[in-house]
Amino acid sequence: SGINAEYGQSAFSFTVVRNPWTRMVSAYRDKLSDEDSFGGTKRNIGMQIVQEMRDMDIDEVKKEDLYPTFAEYASWIVKNHGQVNVHFSFQFGALCIPKNKYDMIMPLEYVGALAGEVLEKINALNMTLPGSYDNSLDPRLQKSAVLAKEWLSTLDAGVIEQLYRIFKTDFTLVNYSNFSHPDFPLPLYED
């Protein structure tokens, strides 16, 4: 009730979305993996995944300090039909705010190029919009995109197909490319 309906209808609204494949890899790396630079911030969920996917006792998972593999994480998402923690679910669900419209849905991969337009519209030229944590300016060379190509190509085709169905709406938001496309993770635009 903090923002009245009239203001909500007239304000410029935007959101940023990310290629579902790179988002999935990034979430795994940041929240579940044992990477030194990231990893483990959702340790309880990681242990739950190991417990479920390896059919282990949770005390054994804790004792052995086990982390899920990417393949286990992907299969866990499929097993739960994408209805998991917000970090691992489809983006479209979080964007569905009743009676709200977005003036712009911006691909994360183009935040740098589109930020000026958004910041001007919201009168915040002294601010910046967050983008990728990766230092590479080319989204195709960023670590999560490179790992997505590598890791997703090793998964069973049935798991990939089910993941695509779960995240299909996210892919269609801005016509995102598949991990096998040469321009992955960029959206595909027709001239």
Side-chain angles (χ1 to χ4, degrees), residues 12-33 38 69-71 73-97 100-122 124 127-191:
F12 176 79
S13 65
F14 71 97
T15 189
V16 178
V17 296
R18 188 174 191 181
N19 184 300
W21 295 130
T22 55
R23 183 174 181 263
M24 187 178 153
V25 167
S26 181
Y28 170 77
R29 292 178 64 218
D30 185 42
K31 310 293 183 208
L32 302 173
S33 77
F38 288 101
T69 65
F70 182 76
Y73 161 63
S75 295
W76 176 76
I77 290 174
V78 168
K79 178 181 174 187
N80 290 285
H81 310 287
Q83 302 298 313
V84 291
N85 180 285
V86 67
H87 297 287
F88 315 115
S89 298
F90 47 89
Q91 299 166 92
F92 181 75
L95 300 177
C96 291
I97 302 168
N100 189 45
K101 66 175 181 68
Y102 290 101
D103 297 299
M104 180 182 274
I105 297 176
M106 190 173 13
L108 176 74
E109 297 78 11
Y110 291 116
V111 163
L114 298 172
E117 179 183 344
V118 170
L119 294 172
E120 185 176 329
K121 287 182 187 260
I122 64 172
M127 297 178 68
T128 59
L129 292 178
S132 172
Y133 299 114
D134 199 297
N135 291 330
S136 175
L137 297 177
D138 185 342
R140 295 169 293 189
L141 302 176
Q142 292 176 355
K143 183 83 173 185
S144 288
V146 171
L147 289 174
K149 281 186 170 194
E150 178 185 331
W151 293 350
L152 291 162
S153 67
T154 66
L155 296 180
D156 177 78
V159 171
I160 292 293
E161 183 178 317
Q162 291 175 38
L163 287 167
Y164 181 80
R165 272 191 255 135
I166 290 168
F167 296 111
K168 186 173 183 171
T169 306
D170 287 357
F171 280 104
T172 58
L173 280 171
V174 290
N175 197 24
Y176 272 117
S177 57
N178 199 353
F179 67 90
S180 58
H181 192 279
D183 283 333
F184 171 81
L186 302 175
L188 301 174
Y189 293 106
E190 296 178 16
D191 291 330

Practice task
Using the ring-ring contact (aromatic ring centres under 6.0 Å, His included) rule, take Tyr73 and Phe88 through it: C-alpha gap first, then chi angles, then the decisive distance, then the call.
Solution key: CA-CA 9 Å; Tyr73 161 63; Phe88 315 115; 5.5 Å; yes
Practice task
Show your reasoning for whether side chain to side chain contact (heavy atoms under 4.5 Å, CB included) applies to Tyr176 and Val17.
Solution key: CA-CA 10 Å; Tyr176 272 117; Val17 296; 4.0 Å; yes
Practice task
Just do the ring-ring contact (aromatic ring centres under 6.0 Å, His included) check on Tyr164 and Phe171 with the steps written out, would you?
Solution key: CA-CA 8 Å; Tyr164 181 80; Phe171 280 104; 4.8 Å; yes
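Partners of Glu161 under the salt bridge (Lys or Arg N to Asp or Glu O under 4.0 Å) rule, at least two apart in sequence or in another chain, are Arg165.
When all heavy atoms are compared, the tightest approach of Asp170 to Gln91 is OD2-N, 2.6 Å. Of all the heavy atoms in Thr172 and Thr169, the pair that sits closest is OG1-O, 2.9 Å. Pairing each heavy atom of Lys149 with each of His181, the nearest pair is NZ-O, 3.8 Å.
In this model, a donor atom of one side chain and an acceptor atom of the other lie less than 3.5 Å apart for Arg18 and Ser26.
Below 30°, between 30° and 60°, or above 60°: for Phe70 and Trp151 the angle between ring planes is between 30° and 60°, a tilted geometry.
Using a 4.5 Å heavy-atom threshold, the side chains of Asn178 and Phe184 count as separate. Counting heavy atoms from C-beta on, the side chains of Met24 and Ile77 come closer than 4.5 Å. No side-chain heavy atom of Met106 sits under 4.5 Å from any side-chain heavy atom of Val174. Using a 4.5 Å cut-off on side-chain heavy atoms (C-beta onward), Met104 and Lys121 make no contact.
Between the side chain of Ser89 and the backbone N or O of Val84 there is at least one donor-acceptor pair closer than 3.5 Å.
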